[in-house]
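Along the sequence shown, residues carry numbers from 1.
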Amino acid sequence: MAGCAARRALAVGSRWWSRSLTRAREPWPLCAAGGAGSFPPAATTTTRRHLSSRNRPEGKVLETVGVFEVPKQNGKYETGQLFLHSVFGYRGVVLFPWQARLYDRDVASTAPEKAENPAGHGSKEVKGKTHTYYQVLIDARDCPHISQRSQTEAVTFLANHDDSRALYAIPGLDYVSHEDILPYTSTDQVPIQHELFERFLLYDQTKAPPFVARETLRAWQEKNHPWLELSDVHRETTENIRVTVIPFYMGMREAQNSHVYWWRYCIRLENLDSDVVQLRERHWRIFSLSGTLETVRGRGVVGREPVLSKEQPAFQYSSHVSLQASSGHMWGTFRFERPDGSHFDVRIPPFSLESNKDEKTPPSGLHW
C-alpha cells in the first residue's frame, strides 16, 4: 500500500488499534501497551494505539516491542522468527513448520460430482494442495486480551496412565498458517513470555533470526511427532462465513475390552462480510468406521455463542471426539442469527478422523 494513504482500525479482544499509512523508508516500530501488538502496513511513519475507556489500564503507555519485517510471499519462516498473528493479534515465535494438505472447498473443482458416500454427505472431489503451517508459542501476556476471540490454544494428548481418561495439555501452543504470520524483529533476548521459550530456544546474535533451536526442541519434536503433526486442513465458506477445521489424532484407550480412539479438532470461524452475525447452534454428524452414525445438536460452541462483526471477525476454539473405531468422518452445520432475527446455516466441511499407523506412547510430562 506504499504510495497511498489509508486509516484502519481492528479490534483485539475489546481493545482497539489504529494506524495511519503513508509512504516511508524507515523500519516500522511495533508498539504495545501490555497486550498484543499492532499490524504492519507495507510502509508507514506513525502508529497509535487507543484503548477503550472501560478497558484502559491505569498508567499504561505505549512501549516498543520490535520492528516489523516484510512478510514472505515465498519460502518459509525459520525457527525463532517472532511474529504477530494477523487475525488474533498475539505475539508469538515460530518453533518449526509443518507441510499440511489444505482441502479448500471454495476452490472450484473440475472433477465430476461424486455420489453420496457412506459418511452421508454428497460433495465434489476436493484435491488437497500443500500449504505451510507453523507450530508456535503464544506470548502468555497476550492470552487475556484474545480470550473473547480465541481459546488459548493447547496441544493435548491422552494422559499416559492406563486407568485414566485425563488429558495432558501443553498450553500456549498454536498452529498458524503462513499468511497469518506478520514477522518482526526485537532486540530483547527474551521477547516472548512462555515457560518453554528459553527451554526450546537459544539467543544467538550472529543468526537471523537471533533465536535458534536448542537440542531440547529437536528432541521434543522428534519424540512427540505423532501427536503434534498437522496433516490435513479443511476449509469452506457459506454466505461469507468461512469455517476452517484442523483435526489432530490424540491416541487410543482400552475400555471394557474395546478400543476407544480420540481426536481433537480446532475450528476457526471468520466473517468475511461487514454484517454482524451470532452463532446460535451447532449440528454435528459423526460417522464411525464401525458403522455407527451419531447426531449431536447443541447451543453455541464450548459454552459460548460468539458474535462475528467487522471489528471482531473471527473466533477459534477446540473440542474433542472419540470413536470405537480407528477412523471415521465428521461434518455438519453452524446456525447463525442476523440482527433482524433471521437464521442461516453454515456448512462445516467434512473431514476425516484417522489414527496414526505408527502409534507411539504419548508423553507423560515435559521431561527430556
Any heavy-atom pair between the side chains of Asp104 and Val126 that's under 4.5 Å?
no
What residues, two or more places apart in sequence or in another chain, satisfy side chain to side chain contact (heavy atoms under 4.5 Å, CB included) together with His283?
Arg285, Thr295, Arg297, Thr333
Does any non-hydrogen side-chain atom of Pro349 lie less than 4.5 Å from one of Arg235?
no
Does some side-chain heavy atom of Val65 sit less than 4.5 Å from a side-chain heavy atom of Arg91?
yes
Got a sec, which pairs hit salt bridge (Lys or Arg N to Asp or Glu O under 4.0 Å) with one end in residues 70-88, sequence neighbours left out?
none
Is there a side-chain contact between Glu305 and Glu281 (heavy atoms, below 4.5 Å)?
no
Just checking Gln324: does its CD atom have more than 12 heavy atoms from other residues, nucleotides or ligands closer to it than 6.0 angstrom?
no
Examine Tyr133 together with His131 and report whether their ring centres are nearer than 6.0 Å.
yes
What's the verdict on side-chain hydrogen bond (donor to acceptor under 3.5 Å, both in side chains) for Gln205 and Gln189, showing C-alpha distance, side-chain angles and the deciding distance?
CA-CA 9 Å; Gln205 63 180 354; Gln189 295 190 18; over 6 Å; no
If you measure from CZ on Arg218 to CG on Leu95, what distance do you get to the nearest 0.5 Å?
12.5 Å
Can you list, by chain and residue number, the hydrophobic cluster partners of Leu202 when the side-chain cut-off is 4.5 Å?
Val212
Is there a side-chain hydrogen bond (donor to acceptor under 3.5 Å, both in side chains) between Tyr175 and Gln135? Walk through the geometry before answering.
CA-CA 5 Å; Tyr175 295 81; Gln135 187 89 67; 3.3 Å; yes
Output, in order, the C-alpha distance, side-chain angles, deciding distance and verdict of side chain to side chain contact (heavy atoms under 4.5 Å, CB included) for Val243 and Val346.
CA-CA 8 Å; Val243 180; Val346 171; 3.6 Å; yes
Value rounded to 0.5 Å, distance of CH2 in Trp262 from OG in Ser355
15.0 Å
Shortest non-hydrogen separation from Pro306 to Val301 and the atoms involved
CD-CG2, 4.3 Å
To the nearest 0.5 Å, what is the distance between CZ on Phe336 and CD1 on Ile241?
5.0 Å
Contact between Ser186 and Leu82 at the side-chain level, heavy atoms closer than 4.5 Å - yes or no?
yes
Say whether, by atom type as modelled, one donor and one acceptor occur between the side chain of Asp139 and the main chain of Arg141 under 3.5 angstrom.
yes
Linking Ile, Leu, Val, Met, Phe, Trp and Tyr by side-chain heavy atoms under 4.5 Å, what else ends up with Val276?
Val307
The criterion is ring-ring contact (aromatic ring centres under 6.0 Å, His included); which residues satisfy it with His234, sequence neighbours excluded?
Tyr103
Below 4.5 Å, heavy atoms only, C-beta onward: do Thr244 and Ile267 meet side chain to side chain?
no
Residues passing the ring-ring contact (aromatic ring centres under 6.0 Å, His included) test with Phe334, sequence neighbours excluded, are none
Between Asp180 and Arg268, is there a salt bridge with N-O shorter than 4.0 Å?
yes
Measuring only between side-chain heavy atoms, which start at C-beta, is Ser352 closer than 4.5 Å to Ser327?
no
Donor-acceptor check, side chain of His194 to backbone of Pro171, threshold 3.5 angstrom: yes or no?
yes
Distance-only, no hydrogens or angles: does the Arg214 side chain make a donor-acceptor pair with backbone N or O of Glu198 under 3.5 Å?
yes
Assert yes or no for the condition that the ring centre distance of Tyr265 to Trp284 is strictly below 6.0 Å.
yes
Centres of the His225 and Trp98 rings: under 6.0 Å?
yes
Quick one: which residue pairs count as a salt bridge (Lys or Arg N to Asp or Glu O under 4.0 Å) with a foot in residues 319-336, not counting sequence neighbours?
Arg335-Asp345
Common cluster, Val245/Val296, ILVMFWY with side-chain heavy-atom separation under 4.5 Å:
yes
Where does the angle between the aromatic ring planes of His85 and Phe88 fall among parallel (under 30°), tilted (30 to 60°) and perpendicular (over 60°)?
tilted
Sorted by chain and residue number, the side chain to side chain contact (heavy atoms under 4.5 Å, CB included) partners of Gln221 (sequence neighbours excluded) come out as Phe96
Without placing hydrogens or testing angles, list every side-chain donor-acceptor pair under 3.5 Å for residues 286-293, not counting sequence neighbours.
residue	atom	partner	partner atom	Å
Ser288	OG	Ser290	N	3.2
Ser288	OG	Ser290	OG	2.9

Is Phe344 reachable from Ile348 through a run of I, L, V, M, F, W or Y residues, each pair having side-chain heavy atoms under 4.5 Å apart?
yes
Quick one: closest heavy-atom pair of Glu236 and Arg105, and the distance?
OE1-CD, 3.1 Å
Phe248 to Glu229 - nearest heavy-atom pair and separation
CD2-O, 3.7 Å
Check the hydrophobic clustering (I, L, V, M, F, W, Y; side-chain heavy atoms under 4.5 Å; chains of links allowed) and say if Val302 and Met330 are grouped together.
yes
NZ of Lys310 to CG of Asn271, rounded to nearest 0.5 Å, is 11.5 Å
Residue set satisfying side chain to side chain contact (heavy atoms under 4.5 Å, CB included) with Ser342, at least two apart, ordered chain then number -> Arg338, Asp340
In terms of heavy-atom contacts, Leu217 and Ala213 come closest through CD2-CB, 3.7 Å
Tell me the closest heavy-atom pair linking Tyr317 and Ser319, and the distance in Å.
CE1-CB, 4.2 Å
Among all residues two or more places apart in sequence or in another chain, which pass the side chain to side chain contact (heavy atoms under 4.5 Å, CB included) test with Pro210?
Tyr203
Determine yes or no for a side-chain-to-main-chain donor-acceptor pair under 3.5 angstrom, with Thr237 supplying the side chain and Asn240 the backbone.
no
Taking atom CD of Gln278 as the centre, report whether more than 12 heavy atoms of other residues, nucleotides or ligands fall under 6.0 Å from it.
yes
For residues Leu84 and Phe68, report the shortest heavy-atom separation together with the two atoms involved.
CD1-CZ, 3.5 Å
If you measure from CD on Glu239 to CG on Leu272, what distance do you get to the nearest 0.5 Å?
12.0 Å
Results of ring-ring contact (aromatic ring centres under 6.0 Å, His included) for His178 - residues two or more places apart only:
Tyr77, Tyr134
Got a second to check how far Ser231's OG is from Gln99's CD, nearest 0.5 Å?
12.5 Å
Any side-chain heavy-atom pair from Phe211 and Phe200 closer than 4.5 angstrom?
no
Do side-chain atoms of Glu179 reach the backbone of Gln73 as a donor and acceptor pair under 3.5 angstrom?
no
Derivation and outcome, side chain to side chain contact (heavy atoms under 4.5 Å, CB included), residues Leu353 and Leu323:
CA-CA 9 Å; Leu353 302 171; Leu323 300 177; 3.8 Å; yes
